[in-house]
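Quick one: the structure is below, questions incoming.
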There are 2 protein chains.
Amino acid sequence: MPSIEALRLFVEAAAHGAFSEAARRLGKSQSTVSAAIANLEVDLGVVLFDRSARLPVLTPAGRHLLANAEQVLAAQDRLLRAAAGLAAGHEPRLSLALSDTYQPERLEALQSELAARYPELALECLIAESDDLLALIDSGRAQLGFVERQPYYPPDIEYAATAPSQMGLYVSPRHPLAQNSRIEPAQLDAHRALRLTTVQAGTAPRARGHNWSAPSYLMLMEMAQGGFGWAELPCWLVERYGGNTLQMLPLPGWPRLLTIDVVWSRRRPPGPAGVWLLERMTDSRP
Amino acid sequence: MPSIEALRLFVEAAAHGAFSEAARRLGKSQSTVSAAIANLEVDLGVVLFDRSARLPVLTPAGRHLLANAEQVLAAQDRLLRAAAGLAAGHEPRLSLALSDTYQPERLEALQSELAARYPELALECLIAESDDLLALIDSGRAQLGFVERQPYYPPDIEYAATAPSQMGLYVSPRHPLAQNSRIEPAQLDAHRALRLTTVQAGTAPRARGHNWSAPSYLMLMEMAQGGFGWAELPCWLVERYGGNTLQMLPLPGWPRLLTIDVVWSRRRPPGPAGVWLLERMTDSRP
DNA sequence: ATGATCTATCGCTTTTATCGATGGTATCCA
DNA sequence: TGGATACCATCGATAAAAGCGATAGATCAT
């Protein structure tokens, strides 16, 4: 059962080619290194160094086991760093709940800096809309959420505005509405609407006529591409993934800017990494 | 600096949800486990278990660090297994030198069993022909080689026959020889031959006329596909990678069977894994 | 030859790992 | 409501080992 310290001495000695040098670098006495490596060789049943020369030189077997020892040390370093982060109050994982309305560009720009600042953080992205998303936040399943501004927030949910997202009304070019060069709002009611729904019970979709609905904007967009009706969609989503198969309706007042809120739970506030991300998302908006 | 044993106790306790159970399984006393985990928590600065209930239950931080601890133990297990293998005389790596004449099917069939039998073995495949390959074996760079039978082997090279490989004479369909329904050997001399060459000096290519040559059958095949001459190629290579761009010449006595030898050095004999593979390659031939 | 710089080894001290015993507490069953 | 049975934390005591300094032998450069 080789000890971690013995492995560290082994790696250091192999790296510098001398036991004394390893002892100096690790703040131990030379005899300690000599004895520790001798013990390690007994434990492993393998001669690691050829000591016939003035300086010890790794045997082929030692060279092979050196790679294994370095892996052990690397794993232990990760453990220690993760523990140090947790001890400093860092959350072990940060779960984000994203609405399709949120364009991911700004988040992606921050991810590399987030990874550098919290190297042991596990980042998770969930997709949900409105009520589903708030439920994720409220239950603690996710710590931060990005949604279009809701008409009502539960008392435990805190929110702050972030960069807005542009929304447009889209139909397939084959759709009857696609021909008109100008459309009045009343005309929309004559055609099928494609709306967001949520799996969350309680909030009945305010249906007028028989709308079609889907739980994500991506599915709504595919329905619109199928020509089944008109849908309000994030412009960035259509531009990025819609190809040229959708057409924006020229209604007065459209496309409109939709306020995107970042939301979190007051009872289960996000940890340092979440707060850091939160500040970055709300502070400077382009 | 957490010790390996403490990590093992931690993982075992977390896996079974009880310190006593971990103590029983690892043959330690209950107090040892209790103290070791308490020390570990101090070392890491993180509370791993919530002890308010009857049985200790992992904290979120503990659950996160558990994954790290398991990685450390896994790395240490690999180290110990590798050391045990080396102590048993296993070679740390096995390098094979393969000729293009050798069809890799039989070798591939044995690789999974080899990996199961020697899990810590690093396997390496080199490509070389005739003299180059023998040089790899003789220098110790590779331990086993598979070549067409050579007219002469150096004294330190041992060899044994293995499954033969079928060789054919091929040309591009655009080549003049491709039209004939029967060819006499003398006709070949009238056209350019594509032959193997080696980077090894000393053995001058027995050139008659100005042959073209390349150091691998794969390059020879591509030359033949270009219509630059005729080449003797392994049938399996043409069938597998040649597409339909090559045509076999109908010479009497062709295609012929080429004896494939497995060769190794007498001065640097292969280790147990190499010997095991050697026996499997020579014993039962289909 | 000489000084410098290695490594191996030998006592000695200090640390720590481990054990058994003890006490407190929760769970289950009669 | 007890009693039995688990479980965990804590406390000395002891044995193991980790570490250090000193020393001796070996090698290299000057």
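Residue numbering restarts at 1 for every chain, and letters A, B, ... go by the order of the sequence lines. Worth saying up front: this structure is predicted, and the values here are computed from it rather than measured.
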**Message:** Tell me the bend of the helix from C:dA1-D:dT30 to C:dA30-D:dT1 as the angle between end helix axes, each from five pairs, rounded to the nearest 10 degrees.
**Reply:** 30°
**Asked** Is A:R51 salt-bridged to A:E41, cutoff N-O under 4.0 Å?
**Response** yes
**Message:** One pair to check against salt bridge (Lys or Arg N to Asp or Glu O under 4.0 Å): A:R141 and A:D132. What are the steps and the verdict?
**Reply:** CA-CA 11 Å; A:R141 179 64 184 83; A:D132 294 341; over 6 Å; no
**Asked** Reckon B:T32 has a side-chain N or O less than 4.0 Å from the OP1 or OP2 of C:dC19?
**Response**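 For B:T32, the contact criterion (side-chain N or O under 4.0 Å from OP1 or OP2 of C:dC19) is met.
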**Message:** Is the shortest side-chain heavy-atom distance between B:L218 and B:I127 below 4.5 Å?
**Reply:** no
**Item:** Audit row: B:L9, B:L40, side chain to side chain contact (heavy atoms under 4.5 Å, CB included) steps and yes/no
**Value:** CA-CA 10 Å; B:L9 292 172; B:L40 182 60; over 6 Å; no
**Asked** Is the side chain of B:T162 donor-acceptor paired with the backbone N or O of B:V262 at a distance under 3.5 Å, no angle test?
**Response**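 Not at all, since once roles are kept as given, no pair shorter than 3.5 Å links the two residues.
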**Request:** Return the value, rounded to whole Å, for the distance between atom CG of A:D50 and atom C1' of D:dT27.
**Result:** 15 Å
**ring pair (Phe, Tyr, Trp, His ring centres under 6.0 Å): pairs with one or both residues in residues 51-93 of chain A, sequence neighbours excluded** =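 Residue pairs with at least one partner in residues 51-93 of chain A: A:H90-A:Y118.
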**Asked** Rounded to the Å, how far apart are A:D43 CG and D:dA17 P?
**Response** 10 Å
**Request:** Starting at CZ of B:R268, measure out to CG of B:D156 and round the result to the nearest 0.5 Å.
**Result:** 9.5 Å
**Request:** Whole angstrom is fine here: how far is it from CZ in B:R51 over to C1' in D:dA6?
**Result:**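 So the two atoms are 18 Å apart, to the nearest Å.
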**Message:** Expressed as a whole number of angstroms, how long is the span from B:I37:CD1 to C:dT18:C1'?
**Reply:**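 Distance, rounded to whole Å: 15 Å.
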**Message:** Any residue in residues 15-31 of chain B with a heavy atom nearer than 4.0 angstrom to DNA chain C? Just list them by number, or reply none.
**Reply:**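 Hits under 4.0 Å, by residue number: B:G27, B:K28, B:S29, B:S31.
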**Message:** Distance check needed: D:dT10 P versus B:E41 CD, whole Å only.
**Reply:** 11 Å
**Message:** Would you compute the distance between atom OG1 of A:T282 and atom CG of A:L277 and round it to the nearest 0.5 angstrom?
**Reply:** 9.5 Å
**Prompt:** From B:R81 CZ over to B:Q76 CD, what is the distance, rounded to the nearest 0.5 angstrom?
**Reply:** 11.0 Å
**Item:** A:L40 CG - C:dA8 P separation (whole Å)
**Value:**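 Roughly 13 Å, once rounded to whole Å.
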**Prompt:** Quick one: on DNA chain D, does A:E5 or A:R54 contact a more 5' nucleotide (nearest heavy atom)?
**Reply:**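 That would be A:E5.
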**Message:** Rounding to an integer number of Å, can you tell me how far A:M1 CE sits from D:dA16 P?
**Reply:** 13 Å
**Message:** Rounding to an integer number of Å, can you tell me how far A:N39 CG sits from D:dG19 P?
**Reply:**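 It works out to 10 Å between those atoms.
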